[in-house]
Every structure is written in structure tokens, then in C-alpha cells.
There are 2 protein chains.
Amino acid sequence: MPDKRVTIKDVAAHAGVSLATASRALSGTRPMSEELRSRVMASAAELNYQVNLLGRALRQQRHPVVGLSVPDLENPFFASLTEHMSRTMRAAGFELLVSSAGGSVEAEAEGVRAFLGRQVHAVVIIACDEAQSAETVQFASSKALTIQFDRRVEGAPATFVGCDNRYGMDLIAEHILTTAPPAKEVIFVGAGAKSSSARERLQGFEQHFPGARTMLGTFSLAWGITAAEQLIAEGTHNATLVAAADIIALGLISGLRSHGIRVPEDFRVIGFDGIGPAAFAHPPLTTVRQPVEDMCASILDLVRADSNDLDPGASSPHGKQVLHYEPKLVCGT
Amino acid sequence: MPDKRVTIKDVAAHAGVSLATASRALSGTRPMSEELRSRVMASAAELNYQVNLLGRALRQQRHPVVGLSVPDLENPFFASLTEHMSRTMRAAGFELLVSSAGGSVEAEAEGVRAFLGRQVHAVVIIACDEAQSAETVQFASSKALTIQFDRRVEGAPATFVGCDNRYGMDLIAEHILTTAPPAKEVIFVGAGAKSSSARERLQGFEQHFPGARTMLGTFSLAWGITAAEQLIAEGTHNATLVAAADIIALGLISGLRSHGIRVPEDFRVIGFDGIGPAAFAHPPLTTVRQPVEDMCASILDLVRADSNDLDPGASSPHGKQVLHYEPKLVCGT
DNA sequence: ATGAAAGCGCTAACAC
DNA sequence: GTGTTAGCGCTTTCAT
């Protein structure tokens, strides 16, 4: 049964001091006599006092809260990004609000609106849809520091932090060309062009393998399985499959093996992202690992820079920046 | 570049009405002339006005926000629970705040404190540690409606919503005894007793297979792989492995197969939870699926009941309740 | 139907 | 070093 609400007023009364003194004691922002301070702290503890951050934020006109919008937490890559962001922000004294769009742009918009209504210091958004999320990113940018993460939308004036997908494909192409039998067919199993990452990876692939076959679905295990079955039904043998994401690659492997096809003997499968389970696959998946830690650190820097910006909009260039991080090849096979 | 802050005062001034009128027009809480209302709405739109939820919450002394604390988002079962909670709450008009503890009870405590400071209507917590999280649950209970989800701590006066782990083990035992060759050794691969779910599943197993071997690690893919390697190193052949979670089961399969061992021919593996990837394994993992949707709906009911409770603590019994949901066997093999 | 004003909990000027 | 007070943005009596 929750306590009756206890405010700083109650603490002050209990300690026999003024509100200001109680506030100063609790936030430790001003020097004061040790005797009073400890008396206030004792009262606070006794009354089970907990600061009301709403009141504080309203008064201070700022609070250390960052909102993160992700497309879908069932996708392990996004779950991992969220976990890393959570750690990074917490360590730096920022609270992280998370909203999962569950694949819906409407839900995404609603989540971001809620962030802004809650006066978050910054919005970090992994956009659901390259086209349809643009409005949401635009809107967020008009209200708070907004950072696009991993996926970019068209023409929004918000800084982007993500990995260099083209370069990642360069690494994969190089790996294939230096290790695979040249006769082997190379097939791209990607996702529809609803996100910049899907598009860039596809384009990167096409640049290296012009005319090669491409199959597009969604970033999901299910699509990988479906694609595998399609390939089997068509009688495809012995190909190198380049997946646009580890989750698709794992689906491919699962789908191939369930039909008795050997990986990597019959089919070779290569992933992208570097999620945990990829390393544990049998054999370990060859993939391109995104430098998630570096990207999170970069976002923190941006948030901090804006935080220190006492004259907002003056010194810091709020223009669009693009911060690309280099992924690294992780050879499994 | 963010706008200068625009408040309801600006809207009122722009529309040439009082603050009260502007507020009523925007929240639609009172009847008023259509002409004024539309004028206010137009001004709000023109000024790109966005309500400040901090001010509203402070004034109303409540807001429709629920905090969810999870142990670790890299665990796909928790990611899935989070995704489901997000959908459920959003659909019901509640905003969901998510905090991931990343396995640390300190981080968990910090996250929950932040929730409470933010005056959340309810706290839903999947406790990290059966013993060490007790204090945090206790504390949350003293400040807001608190619901324990999936994992329970010792002696906290907070309602619990989760699946009936003992019953789940009954189902698994029955399945094994009716389908496996009796000679096959049965081994439990679980997690240390840091959570109630780990403990209950272990106890459920021991009840059906007294004296059977048990191996305890963590709820992770890595532990499943390690356990598999340990079994192989010992020369174990042909056993039925009961994993305490799908994620462990998937690790076991991966570990076994990487040494050329066939599943399910040589070893049979059974999981628990019913996460998505389990269904896509090859062959599909036999597991016990938790009724996640029902559990989320149940939590929503509890939150709503408390929400409607205008005289808090009077009608609703804020005592400890235990709501068990029945898992269902999903046969993969 | 509309406006004036109080006040949610908190902190930061400003007095003393 | 401590107290008094204004006010952050909002809703909601209470008047009119």
C-alpha cells in the first residue's frame, strides 16, 4: 500500500527548516552547516522521501533524459543496441526512455511525441521507414536535439550516426572473392528498401556483383527461412548467400539445414551486424560487425555537447552531420 | 534547430483567449463554442504547440505511465516480453518506460528509483535476483502499485504475474516419459538459483526425475554451448537434455552440432519459454510456451483497476496476489 | 460559456 | 548560512 505522498515540504517541516534549506541539503548544491544537513537527511530517510523529478524538471527547464525509439525489440540487433544505449546513458547520468514501434510508423510517431511532451533532452531514433518516418524525425528535430541512429530518413535535418554499410559490403565482397570458388553463384538475401540500411547494403552488393540475383524480404528469421525454402524449391545448389543481416542469415541456415543441406559445404552464408548469436552459430557465422560501442559513445558525445550548450543554437552547428563508423569483418568459417 | 519553447500561454495569447479556455479547447474536457475551439486549435497548430506533460502531470497528480524494469534485453525472452508490454500499454493509453538492468541489481535499483521519481502510475519489475532485488521491489511497493512479472522475490508484498513453472515441468516430464526410450538419461541444464523461475523449474524437474543430473549456469546461449561441450568432453552419449530456457536449449543444440553430434537423433533437447527463434530451429524445438499475451493483459487489468481506484487503498486489496498462467507444450520433434 | 487565480513540487534569485 | 518568495506549464475550482 503506497505511502501518502511525501514532499520536500514535509521533510522541511519534520527537520524544522525552510524549504530552501531542505532543497539545498538534498541536492547538495550549496554549502551549509553539517548539523542542519544531516538533520534534513535524517528526516528525509525517516519519511521515505523521494524527490519528485517532475517538479524539478519543470522548475529547471531541463532534465537528463534521452528518448530512444526502436523499430522492433524482437529483432536482436535492435535489442542489443537498446541494451548498449541503456548502459552508456546510465553511466553518464542520463536516463533512457525506450519506445518500441513494433514496426508501425504510427506507433513510432506516438512514441516520439510522448518523448517530446515529456521534455526529453534528446531523441535518438532508429527510423522504421525511410520515407514514412521522415515526418516524425522532422518534427522531433523541431522540438529537441534529434539523432538518427543506424537508419536514416530522407532529407531530415538531424545528425546521423551509423555504420558505413557500403564499406561493410566492400569487406564482404573482398572476402568472397578471395576465398570462394569463382564458379559459385552469389545471391543477396536482403530486405525491402524501407530502410536506409537495407538499401545501402543492397546497393553495396550490386556494385560488387552487378547482375547477381537479389531476393528481398524483411529483417527477420522467418524471411531467411522462407528464402531458403524458395532456393531449395528452385533446385539451387552450391551458392554463396549474402544476407543483409545476421538474423536473416541465421534463418537461411536454419531453413537450409532443415532440408538436409549442409552449411557451409553446400551453401555458404554470410551475415551483417555482428549480433551475439551469430558468433555461436555452428560454424560461427562470417559477418561484418558494427562498432556498436563506438556509435553509442558518439551519440553520448552529441547529447553532452548539446547539454553544455548554455546558449542553444549559438556555438554548436545544429546542421545535419553524418557520422559513419567502420564495421569489421569477423570470419567464422 | 529546436523552436523556442511554446506554451499554452502563447497559444492563448495568439488566439486571443484566456489560459483556461485554451486548456479546455486543447484537452476537450469541457463544452465550449465551436468557434473559439477551432480558433484555439488553429493557433496551436500554427505555433507548433505541444503539451508539456510534466506540467500536466504535476498539476493532475497522476499520469498514465508505467515503468518496466527488465534484467537484460539481450535475452530474447525479455525483449519479447518488453515488446508485448509496449503494445499492450500503448493500446490502452499508457506510456511505457523501459529500464534494462543489464544484469546488475544496482542498475535495476537505480532504474526503479528513477521511475518512482518520475511519478509513474505503476512499476512492473522482472527482478534480477531473487534475494538481492527484494529491497528494490519492497521500496517500489511503498511508493506505487508494483507488479512482479515472471520472476518473484522473497517476501515482497507485490502481486506476482507469471507462468506456472512447476506445471510447465509437469508437461515436459509427461512428454519425455511418453515418447523417450526409458533407458535414455535425462539431464537438466538450468540456471543458478538467482531467480524464482530458475529455481522453480529446477525443483519441478527434480520432482519428476529425482536423482537426475543437473547442470546450472546462466540464462544464456553461451552457457548452453559450454554445457554441451562439457557433456561431450565427458563422453556422454544419447541423453535427453531439459533446458530451463529456450536460449539455453539453442545454445546446447549449437554446441552439440558443432562437434558433429546429431540432434535429435543422438541427443534430444527440450526448451522452456516459447521464444520465436525456437520455432524456427531445425528441427523446431520442443518447448513449453508461456502465455505472454495473457500475462500482459493481466498486468494491464491490475494497472487499470488501480487507476480507477479514486479512493486509493480503500476498495482494492493491495495485498499480495499470485496470478499463475498455464504454459502449453509445443511439440517440435 | 468564459476568465481569474490558486497551486501541484521543486529550485533559484533575492533578502537578511 | 538561512529564509522568503516567485514561478516553471498546466488544470481546475470558483466566480462571473
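The chains referred to below are lettered A, B, ... by the order of the sequence lines, with proteins before strands, and numbering in each begins at 1.
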Q: Write down the distance between CG (B:Leu19) and C1' (C:dT2), rounded to a whole number of angstrom.
A: 13 Å
Q.
So if I take every side-chain heavy atom of B:Asn52 and compare against D:dT2, D:dG9, D:dT13, which nucleotide ends up nearest?
A. D:dG9
Q: Applying side-chain contact (heavy atoms from CB on, under 4.5 Å), name anything that partners B:Glu46, two or more places apart in sequence or on another chain.
A: B:His14
Q: Give A:Ser23 one of three labels, base, sugar-phosphate or nothing, depending on what nucleic acid heavy atoms sit under 4.0 Å from its own.
A: base
Q. Please walk me through it: do A:Glu106 and A:Ser104 pass side chain to side chain donor-acceptor pair (under 3.5 Å)?
A. CA-CA 5 Å; A:Glu106 291 80 18; A:Ser104 145; 3.2 Å; yes
Q | Rounded distance (Å) that lies between atom P of D:dT11 and atom NE2 of B:His63 | A | 14 Å
Q) NA contact type, B:Thr21, heavy-atom cut-off 4.0 Å: base, sugar-phosphate, or nothing? A) sugar-phosphate
Q. Counting side-chain heavy atoms from C-beta on, which of D:dG9, D:dC10, C:dT11 comes nearest to A:Leu58?
A. D:dG9
Q. If you find the nucleotide of DNA chain C closest to A:Gly55 and the one closest to A:Ala20, which residue's nucleotide is nearer the 5' end?
A. A:Gly55
Q.
I want to verify a distance call: between C:dG9, C:dC10, C:dT11, whose nearest atom is closest to the A:Arg5 side chain?
A. C:dG9
Q.
Let me spell it out: for each of B:Leu53 and A:Ser33, pick the nucleotide of DNA chain D with the closest heavy atom. Which residue's pick is nearer the 5' end?
A. A:Ser33
Q.
Nearest whole Å is fine: how far is C:dG3 P from B:Ile8 CD1?
A. 13 Å
Q | Length of the line joining A:Gln119:CD and C:dG9:P, which is rounded to integer Å | A | 19 Å
Q.
Does either side chain, that of A:Thr29 or that of A:Ser27, offer a donor lying less than 3.5 Å from an acceptor on the other one?
A. no
Q: Could you pick out which residue, B:Thr29 or B:Leu54, lies toward the 5' side of DNA chain D when each is mapped onto its nearest nucleotide?
A: B:Leu54
Q.
Checking the side chain of A:Glu108 only, and the main-chain atoms of A:Cys128 only, is there a donor and an acceptor separated by less than 3.5 Å?
A. yes
Q | Side-chain N or O of A:Arg56 closer than 4.0 Å to phosphate OP1/OP2 of C:dT11 | A | yes
Q.
If you only use heavy atoms from C-beta on, which nucleotide in C:dC8, C:dT11, D:dT11 is closest to the side chain of B:Gln61?
A. C:dC8
Q: For B:Leu36, report the nucleic acid contact type (base, sugar-phosphate, nothing); a contact means any heavy atom under 4.0 Å.
A: sugar-phosphate
Q. Within less than 4.0 Å of OP1 or OP2 of C:dG3, is there a side-chain N or O belonging to B:Ser18?
A. yes
Q: Can you label the angle between the B:His324 ring and the B:Phe160 ring as parallel, tilted or perpendicular, going by 30° and 60°?
A: perpendicular
Q) Taking for each residue the nucleotide of DNA chain C bearing the nearest heavy atom, is the 5' side occupied by B:Arg24 or by A:Lys9? A) B:Arg24
Q. According to a strict under-4.0 Å criterion, is A:Gln60 in side-chain N/O contact with OP1 or OP2 of C:dA12?
A. yes
Q.
Nearest to the A:Tyr49 side chain among C:dC10, D:dG3, D:dT11, which nucleotide is it?
A. C:dC10
Q. Any side-chain heavy atom of A:Val51 within less than 4.5 Å of one from A:Tyr49?
A. yes
Q. Looking across every strand, which nucleic acid part, if any, lies under 4.0 Å from B:Arg30 by heavy atom: base, sugar-phosphate, or nothing?
A. nothing
Q) Ignoring hydrogens and angles, are the base of C:dG9 and the side chain of B:Arg59 linked by a donor-acceptor pair under 3.5 Å? A) no
